[in-house]
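Before any comments, here is the structure.
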Amino acid sequence: MFPEVDAASPLLQNLNPEQRAAVTLPNEHALILAGAGSGKTRVLTTRIAWLLSTGQISPGGVMAVTFTNKAAKEMMTRLGAMLPVNVRGMWIGTFHGLCNRFLRAHYQLATLPQSFQILDTQDQLSAIKRLMKQFNVDEERFPAKETQWFISGCKEDGLRPRDVAARNEEDRKKVELYQLYEEQCQREGVVDFGELMLRSYELLRDNEPLRVHYQRRFRHILVDEFQDTNRLQYAWLKIFAMSPDGTSTAGNAVFAVGDDDQSIYAFRGARVGNMADFVREFHVQHQIKLEENYRSYSNILDSANALISHNKGRLGKNLRTQQGPGEPVRVYEAPTDLAEAQWLVEEMRHLARDQGTEPGFPRKETAVLYRSNAQSRVIETALFNAGVPYRVYGGLRFFERAEIKHALAYLRLLENPNDDTSFLRVVNFPPRGIGARTIEQLQDASRAAGCSLHDAVSATTGKAGANLGAFVAKVDVMREQTQNLSLREIIELVLEHSGLIEHYKAEREGAERIENLEELASAAESFVMQEGFGRDAVAMPVDELSQSPASQGLNPDQPLLNEPAPDYVEPDAETGETLSPLSAFLTHAALESGDNQAQAGQDAVQLMTVHSAKGLEFDVVFVTGLEEGLFPSERSMADMDGLEEERRLMYVAITRARKRLYISHSQTRLLHGQTRYNVRSRFYDELPEHALKWLTPKNQGFSGSAFGYGGGYGSTRLSGAGGTSWSSEKYASPPVPAQKAAPSHGLKAGLQVFHTKFGEGTVLSIEGQGDDARAQVKFNRHGIKWLALAVAKLTPVT
DNA sequence: CACTTTCCCATTTTT
DNA sequence: TGGGAAAGTG
């Protein structure tokens with residue numbers, strides 16, 4: 001063993017035997033099966049810290065890949081706390097972030113312009129729509145969304161147009177569109193998310209010296225959430241560790257951490273099978289299971305274990321805890337979705353009251369989970385009426401807001417005038433007399449000349465042409481004027497000269513948009529300060545690469561195991577070429593859409609889908625809407641894989657809870673304007689009776705009836721007033737109609753409130769009743785306003 | 001070009 | 001039912 005282990009032992013101190021074994025594995029491929037709450041991130045970061053502090057590797061030899069920016073950031077923060085090491089120098093990031101970094105470093109080899117821009121999903125869709133219009137593709141037969149899905153799917157499987165076998169006319173058309181789309185992107189100098197991955201994969205695959213260089217460099221490749229990798233990501237990882245023919249390269253080790261039971265992203269291309277493939281293709285000798293759970297009481301874990309045991313073909317894992325049984329899992333059946341929501345709110349009041357006696361649950365430690373976003377509405381209404389502060393996850397993120405995207409489009413045009421997607425977004429925004437007609441003509445001209453819209457402008461004539469010319473001139477002038485300005489100044493100039501600010505000043509809801517635009521300038525400034533810009537996007541300078549651990553203050557005597565290949569020097573390291581701050585910021589904006597958790601400081605109940613709850617934990621968790629057809633979703637019940645994924649989803653939901661878990665469902669639910677009569681989810685019958693406590697009498701379950709789980713029986717609608725054949729004793733008492741009780745909005749004069757648009761304010765007066773109730777509120781920043789309580793979202797500030 | 005009307009859709013989400 | 005996007009109107 002390494003003598004340095006002793007020196008590193010503080011790192012290993014608080015690990016259990018399995019965790020310690022994982023952290024100290026030899027430099028060989030390994031698969032860590034990490035159950036929910038088993039300290040997965042901890043193992044991952046400690047592994048890196050251990051490798052560094054025992055001198056087995058230098059920072060430049062580490063690559064750690066995650067799926068989300070959040071996870072990458074957390075890893076860097078925790079690592080930085082463990083060791084005095086420059087975490088920025090390491091290749092820690094998301095798949096896409098690392099691919100971006102790689103492509104920026106080798107943009108010539110990748111045949112990309114140096115400041116290529118990244119299309120997000122929206123941009124991609126509009127690019128495809130534009131393409132389809134240009135080639136007169138029938139949007140009825142080929143919806144743009146479907147084309148987008150097809151193209152992304154191909155890329156995720158590593159397929160170029162020529163690799164796709166088309167067996168019918170439709171497929172041929174789609175492949176043709178894929179081909180045209182690629183040409184368009186290349187012409188415009190933009191890449192979509194899939195392209196980032198695919199292109200870097202291909203570059204490594206086809207360029208041997210380059211591949212060998214990186215293979216020698218990254219001796220340790222660590223992967224988080226391995227069960228979520230798609231085909232291409234798997235191939236991408238493999239190319240770092242092996243020759244394309246499958247010959248293993250001596251010396252580097254892939255350390256994959258994942259949990260097959262938490263694989264819930266098959267719908268977007270994730271392949272759990274990658275775990276088994278990994279073991280086979282990499283001849284994995286080291287598999288370690290982390291089954292000790294540090295999060296939940298055993299009643300909760302027993303429920304999770306029992307449920308997931310109904311899935312076939314698992315890699316096999318059982319969570320255990322040293323904590324006691326804890327409280328039973330509480331189960332509730334409501335007559336209506338509204339009643340379910342009201343019960344939930346009532347229960348939350350108790351939780352708040354319990355705070356005085358027991359350790360207590362802060363509101364932000366309470367989460368309400370649901371299968372689909374549509375379910376949040378009833379719950380939100382109930383919480384709102386009860387005056388309980390809450391926060392909903394999901395929805396528009398900062399960089400996805402329309403006004404932000406407009407501003408970014410101008411900025412992108414400064415960097416790259418050929419970016420037609422950006423050109424079209426703002427050519428007539430704010431309006432400057434360039435109509436659809438003019439744009440069509442311009443597009444025809446550009447197609448005929450085979451050039452970008454920008455370049456086609458000079459060929460246009462007439463008054464329309466004059467307007468276009470003015471637009472292009474304006475952008476060109478802005479480009480010159482911003483030449484030597486700081487990023488903040490650039491953005492401020494563009495906001496002003498583009499007319500965006502002026503335009504929104506005139507708009508009724510424009511004030512908020514202007515605030516967002518101002519925030520964009522601030523965000524850019526802090527980006528420059530924090531990142532020292534470009535650091536994110538550029539390959540590491542060579543001196544850092546060859547830096548010995550000694551200069552990191554670590555084990556001076558240990559020889560480096562990862563000498564970079566002498567015959568290859570990373571290009572940017574030589575020239576010191578860096579990306580402009582603007583370009584780096586635009587990349588940042590595309591790769592990190594910004595969190596949507598504004599006002600995170602408030603103590604509010606957390607509402608989110610089960611999917612977005614993955615990776616989080618709360619003291620109290622409500623899992624709602626446990627109904628056949630909803631959870632499991634009827635859309636996924638066609639095949640067994642779909643059902644098993646739903647079960648894993650439920651497993652994820654259950655294992656979010658630390659102390660108290662509620663599971664609820666409703667007999668009826670309003671969906672798409674119609675009342676649906678649902679049967680409680682089959683998942684109830686897969687939970688252990690001993691861990692449950694029914695708060696309402698347990699009715700005859702669907703599985704107990706004579707019907708079994710045939711497809712399509714999950715839920716039904718009442719036809720007319722009749723009712724269906726099987727709505728017997730279960731529905732003997734008609735569901736309680738929606739109560740029209742006076743909604744207690746919980747507001748009164750003098751109360752401090754929060755409004756999502758206007759911010760904080762004070763209630764001056766209330767008038768009207770029920771749906772007509774209005775409140776006069778004096779906002780700190782927006783003056784006095786009347787707000788209809790049925791519409792406005794006012795949250796009491798605590 | 002702004003505003004209104006109609007129509008269509010409707011798990012899950014990150015990059 | 002209700003939101004967003006496309007089509008229609010002054």
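Lettering follows sequence order; numbering is per chain, from 1. Computed over heavy atoms, backbone and side chain alike; hydrogens, waters and symmetry mates excluded.
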Please collect all salt bridge (charged side-chain N to carboxylate O under 4.0 Å, His left out) contacts where either partner lies in residues 663-673 of chain A, sequence neighbours excluded, each pair once.
A:Glu340-A:Arg669, A:Glu627-A:Arg669
Report each atom pair, protein N/O against N/O of nucleotides 5-13 of chain B, whose distance is under 3.5 angstrom.
residue	atom	partner	partner atom	Å
B:dA10	N3	A:His672	ND1	3.3
B:dT11	OP1	A:Arg635	NH1	3.4
B:dT11	O5'	A:Arg635	NH1	3.4
B:dT12	OP1	A:Asn373	N	2.8
B:dT12	OP1	A:Asn373	ND2	3.0
B:dT12	O4'	A:Arg371	NH2	3.1
B:dT12	O2	A:Arg371	NH2	2.5
B:dT13	OP1	A:Thr609	OG1	2.7
B:dT13	OP2	A:Asn373	ND2	3.3
B:dT13	O2	A:Arg268	NH1	3.4

Report yes if the side chains of A:Leu383 and A:Leu607 come closer than 4.5 Å at any heavy-atom pair, otherwise no.
yes
On a whole-Å scale, what distance lies between the C1' atoms belonging to C:dG2 and B:dT13?
22 Å
Under the side-chain hydrogen bond (donor to acceptor under 3.5 Å, both in side chains) rule, collect the residues that match up with A:Asn467, sequence neighbours excluded.
none
Is A:Thr121 side chain donor-acceptor paired with the B:dT15 base, going by distance under 3.5 Å alone?
yes
Sugar-phosphate only, base, or nothing, as touched by A:Asp228 at under 4.0 Å among non-hydrogen atoms
nothing
Under 4.0 angstrom, heavy atoms only, what part of the nucleic acid is A:Ile434 near: base, sugar-phosphate, or nothing?
sugar-phosphate
Quick one, give me the B/S/- string for nucleotides 2-9 of chain C, reading 5' to 3', where B means a protein heavy atom under 4.0 Å from the base and S means that only happens at the primed atoms, P, OP1 or OP2.
SS--S---
For a ring pair (Phe, Tyr, Trp, His ring centres under 6.0 Å) check, start with the C-alpha distance between A:His665 and A:Tyr684, then their side-chain angles and the critical distance, and finish with the verdict.
CA-CA 10 Å; A:His665 64 282; A:Tyr684 280 112; 4.8 Å; yes
Please list all pairs meeting side-chain hydrogen bond (donor to acceptor under 3.5 Å, both in side chains) that have one or both residues in residues 423-437 of chain A, counting only residues at least two apart or in different chains.
A:Tyr410-A:Arg432
Ring pair (Phe, Tyr, Trp, His ring centres under 6.0 Å) partners of A:Phe423, counting only residues at least two apart
A:Phe471
